[in-house]
Number of protein chains: 4
Amino acid sequence: MLEELRHEVLDANLALPARRLVTLTWGNVSGIDPERGLVVIKASGVAYSSMTAADMVVVDLDGKVVEGSRPSTDTPTHLALYRGFPELGGVVHTHSTWATAWAQAERPIPILGTTHADLSPIAVPLARALTDEEVEGEYEANTGAVVIEALGTHSTDEVPGVLVPSHGPFVWGPSPAAAVENAVTLEEIARMALLTELLRPNGPPLSKAVRRRHFERKHGPGAYYGQLP
Amino acid sequence: MLEELRHEVLDANLALPARRLVTLTWGNVSGIDPERGLVVIKASGVAYSSMTAADMVVVDLDGKVVEGSRPSTDTPTHLALYRGFPELGGVVHTHSTWATAWAQAERPIPILGTTHADLSPIAVPLARALTDEEVEGEYEANTGAVVIEALGTHSTDEVPGVLVPSHGPFVWGPSPAAAVENAVTLEEIARMALLTELLRPNGPPLSKAVRRRHFERKHGPGAYYGQLP
Amino acid sequence: MLEELRHEVLDANLALPARRLVTLTWGNVSGIDPERGLVVIKASGVAYSSMTAADMVVVDLDGKVVEGSRPSTDTPTHLALYRGFPELGGVVHTHSTWATAWAQAERPIPILGTTHADLSPIAVPLARALTDEEVEGEYEANTGAVVIEALGTHSTDEVPGVLVPSHGPFVWGPSPAAAVENAVTLEEIARMALLTELLRPNGPPLSKAVRRRHFERKHGPGAYYGQLP
Amino acid sequence: MLEELRHEVLDANLALPARRLVTLTWGNVSGIDPERGLVVIKASGVAYSSMTAADMVVVDLDGKVVEGSRPSTDTPTHLALYRGFPELGGVVHTHSTWATAWAQAERPIPILGTTHADLSPIAVPLARALTDEEVEGEYEANTGAVVIEALGTHSTDEVPGVLVPSHGPFVWGPSPAAAVENAVTLEEIARMALLTELLRPNGPPLSKAVRRRHFERKHGPGAYYGQLP
């Protein structure tokens, strides 16, 4: 079932090593069929080199396996995000090197340039640390909860991802492929921001005028970036 | 029309990902036919993996599309540079990682070695920041204006590129391919300079004697680098 | 003899350059047949590009060559580890860049995130420096001794590798392939930890609750990471 | 003439981009036929992608072209090294990123680990800066002179390369291929040393006992690294 979504999710998972966002098996992409309320996600601990559509698991929004083997350990986090943000089409989690360095340093990624503003008009938020009780309880679902909490009043369009402290990024988009593209962008922003920090520690953020201009020209109502549909 | 230039510009655009100067679609190369006053540039938001000569757009120097679809968002910056510097044959804009880190740190790239002097005898200039009014007005054309302003009394031969603060490099050359080669060099200079900064913060610039010697042996009237024509 | 193990060890050695863990010939993997008490290891100074199963040398646990040419210079270290830790199936030594930087800085790799906790619940230990007498005596065997000493009361399951100061990592696992996988993980942890240090020098280690959760969900009795066997 | 040497030198030049030691055309390898007193070196400014044996130029030890087109601009430096060190078989010059960062920071590369000691028992020397007169005179030959001067009482076996300040490394060996291998090693040592500096600025050098042990086990009279000849 869900053959088309299954292939989209497989392709998006395979894009992670191709884009150098994962080492070994440390990453996963999911996609949702919002009408049926079913999510397709990578099976747990499967090697990317031998992954096929059969390694994509179908679960419902409560985490019940509908088809396939054991889903990714991070499935409850993905499901929490789909329940919290019904507008999402795909979710990606990686331990990509540079974004994870910011997460481990427990710092949000400051907005220092137009590459960042083309993606989001604000800093990439850092979720709060889970309490010991949250870690010892429904850890993965609670991880989803602090990610949602980190958005505050911002929309998922404005904020395409959040850093979980000491862990790594969770990123989303309107489709699995778009979520991977946002994860690629986040990783490059993280890398540029770290190198910028080395040249000028704790510099000021990008001016509001440039942030607005770049974000709007790509994502606003009068967007003039990309081809007309 | 302009079939030869169109292919030159396509090849130069395809060189950007091959040289690891772009992530996703963040870069563009243009070339000019100075006799006809026409510029060929990449279409906006097109993926490099599927790009063909048909994705190259022909515009006149006022930005009117003569052939093709919507040109790169940065087209008005390219056109401002061709109008300001009639000697140019090609212009490149990227968000290449290391040069962009310097741009985001709002620091010119100091001249610290002979690799830099082989390209230019002075620091890579940092343009001034645009005012909010300039950002909210003709943003892309105004970006071209501050790049031109940043050269001061220097020629485009001496200064093959400029950093736009919080944004990234704009680079040029006598042809689209030569502009890409300068962008490759600028990126490597930016990387070496950042690593040098880590080992010796704010060190002195290269001596004038070495700067002159290296720049002249490659670009001066008595140049003895490369093969005789 | 030992054809299967010989091929496993060859494949594991070839994985080192493929995973970018070695430059030139600087690395070696061994595997043990615990019943026969025989170890298969790469020959000394052999190029990876032309390596075949015939370049794998068979030695006994005292270092006597049973089949093949001169074994890797580091063989006595491997043998000391197999004698000290009879549960091991494979041992890897590399000079991988980022782990070696920590070894050269004579610092253990602090546990700063869940990527690390998925591998081990504590910092990657730094062995003590060898005395001049140990260096001038049975240097390679003494290197094995300080690695064993560095584990203290921890098991080889909890600590999959140790940094030898000013030298590099020695890593192990239940098989040659598993040892290489641990070496890949260690290198990525070392890289992330160094980048984290640049953003937040000497930050606090990961909380005990998260360490326990991540290590247990992958390696504990109630593990729920990966596929059921 | 010198067909075999010509192919050795071609292969060694082609190894530079394969080993990521050069960007664009910034590097050159030469080899000598000591009996005839003739040197084969890359032509100036030739692209690596289209290089053939015909692009190798034969010069005598005074720099007179015996066969071929204009030799590399750095030829007088190579020739100075062959005249000063008659035991050399090959010389390499690159602007490899990490070694050049040390050269630009005008710091010798400290000996911080066994990877370095396997190559050389002392720091990689930094030559003195050329005077303005030396730069304005026979610049390339004078560069060779300060490299030779930098060795002091050390042999070319002990010191396989020198950093020219604000420029980059010059490296040698008993053959063109061996010189390239030393350049690969030097670049990796430079990278590890810079990363070590970030973790522990200005740390102590490797102990004399370990330096001696590692250098001798690979290069000394009782060497036991590698295969028996």
Side-chain angles (χ1 to χ4, degrees), chain C residues 22-27 43-47 49 55 57 68-76 93-110 129-140 142-143 163-168 190-191 193-195 197-198 201-202, chain D residues 15 18-21 96 98 109-119 173 177-178 180-220 222-229:
Chain C
V22 300
T23 302
L24 299 170
T25 62
W26 317 339
S44 183
V46 172
S49 55
D55 295 310
V57 182
S69 63
R70 188 192 275 181
S72 168
T73 309
D74 297 306
T75 301
H93 171 52
T94 73
H95 291 203
S96 63
T97 310
W98 299 80
T100 300
W102 285 94
Q104 291 193 160
E106 298 177 90
R107 293 178 61 175
I109 304 175
L130 295 173
T131 65
D132 284 1
E133 289 67 37
E134 288 169 329
V135 171
E136 286 153 8
E138 297 296 319
Y139 174 59
E140 290 84 5
N142 292 336
T143 298
L163 302 180
V164 174
S166 311
H167 192 153
R191 189 177 172 213
L194 194 154
L195 296 175
E197 276 292 302
L198 296 180
N202 301 306
Chain D
R19 294 289 192 172
R20 299 176 177 253
L21 295 183
S96 62
W98 299 80
I109 304 176
I111 178 163
L112 299 173
T114 62
T115 315
H116 188 138
D118 284 335
L119 177 74
V180 170
E181 189 168 315
N182 285 341
V184 169
T185 302
L186 179 62
E187 179 65 2
E188 182 61 15
I189 284 170
R191 190 177 171 212
M192 285 176 174
L194 194 154
L195 296 175
T196 304
E197 275 292 302
L198 296 180
L199 287 171
R200 188 193 58 176
N202 301 306
L206 191 64
S207 81
K208 281 190 181 164
V210 177
R211 292 193 218 186
R212 204 182 306 122
R213 180 83 194 204
H214 271 262
F215 189 69
E216 294 297 324
R217 81 177 190 180
K218 195 158 176 182
H219 306 282
Y224 56 99
Y225 182 100
Q227 298 302 307
L228 297 171

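Values below: every heavy atom of this structure, side chains too, minus hydrogens, waters and symmetry copies. Sequence lines set the chain letters: A, B, ... in the order given, protein chains first and strands last, and positions in each chain run from 1. Computed from a predicted model, the values in this text were never measured in an experiment.
- Only the side chain of T23(C) comes within less than 4.5 Å of a heavy atom in chain D; its backbone stays farther off.
- A distance of 6.0 Å separates CD in Q104(C) from CE in M192(D), rounded to the nearest 0.5 Å.
- Heavy atoms closer than 4.5 Å to chain C are found in both the backbone and the side chain of L199(D).
- The shortest non-hydrogen separation linking V135(C) to A209(D) is CG1-O, 3.5 Å.
- Side chain of S44(C) to backbone of G226(D): a donor-acceptor contact under 3.5 angstrom is found.
- Here E138(C) pairs with nothing under the salt bridge (Lys or Arg N to Asp or Glu O under 4.0 Å) rule; sequence neighbours left out.
- For the side-chain contact (heavy atoms from CB on, under 4.5 Å) with W26(C), the qualifying choice from T185(D), D118(D), T114(D) is T185(D), the only one to do so.
- Your options are P201(C), S69(C), P165(C), A105(C), and the one with the most heavy-atom pairs under 4.5 Å with chain D is A105(C).
- Of the atoms belonging to H214(D), it is side-chain heavy atoms, and not backbone ones, that fall under 4.5 Å from chain C.
- The two residues P204(D) and E106(C) come nearest to each other via the heavy atoms CG-OE2, 4.5 Å.
- With a threshold of 4.5 angstrom between heavy atoms, T131(C) does not approach chain D through any atom at all.
- The shortest heavy-atom contact between T97(C) and E188(D) is OG1-OE2, 2.7 Å.
- Applying the ring-ring contact (aromatic ring centres under 6.0 Å, His included) criterion to H93(C), with sequence neighbours excluded, gives H95(C), H167(C), F170(C).
- Taking 4.5 Å as the limit, some side-chain heavy atom of R191(D) sits within range of a side-chain heavy atom of W98(C).
- Remark: the backbone N or O of Y224(D) is paired with a side-chain donor or acceptor of R70(C) at under 3.5 angstrom.
- For E181(D), the parts lying near chain C are the backbone and the side chain together; criterion is any non-hydrogen pair under 4.5 Å.
- E197(C) touches chain D through its side chain: at least one heavy atom from C-beta onward sits under 4.5 Å away, while N, CA, C and O do not.
- Contacts between E134(C) and chain D at a heavy-atom distance below 4.5 Å are absent for every atom of the residue.
- Heavy-atom contacts from other residues, nucleotides or ligands closer than 6.0 Å to CZ of R19(D) number 12 or fewer.
- Here the straight-line distance linking atom OG of S166(C) with atom CZ of R211(D) works out to 10.5 Å at 0.5 Å rounding.
- For a residue to count as touching a neighbouring chain, one of its non-hydrogen atoms must lie under 4.5 Å from one of that chain's; by this rule A193(D) touches chain C with the backbone only.
- In this structure, the portion of L198(C) lying under 4.5 Å from any heavy atom of chain D is its side chain and not its backbone.
- In terms of modelled atom types and a separation under 3.5 Å, the side chain of R213(D) and the main chain of D132(C) share no donor-acceptor contact.
- In this structure, CG in L24(C) is found 9.0 Å from CG in N182(D), a value given to the nearest 0.5 Å.
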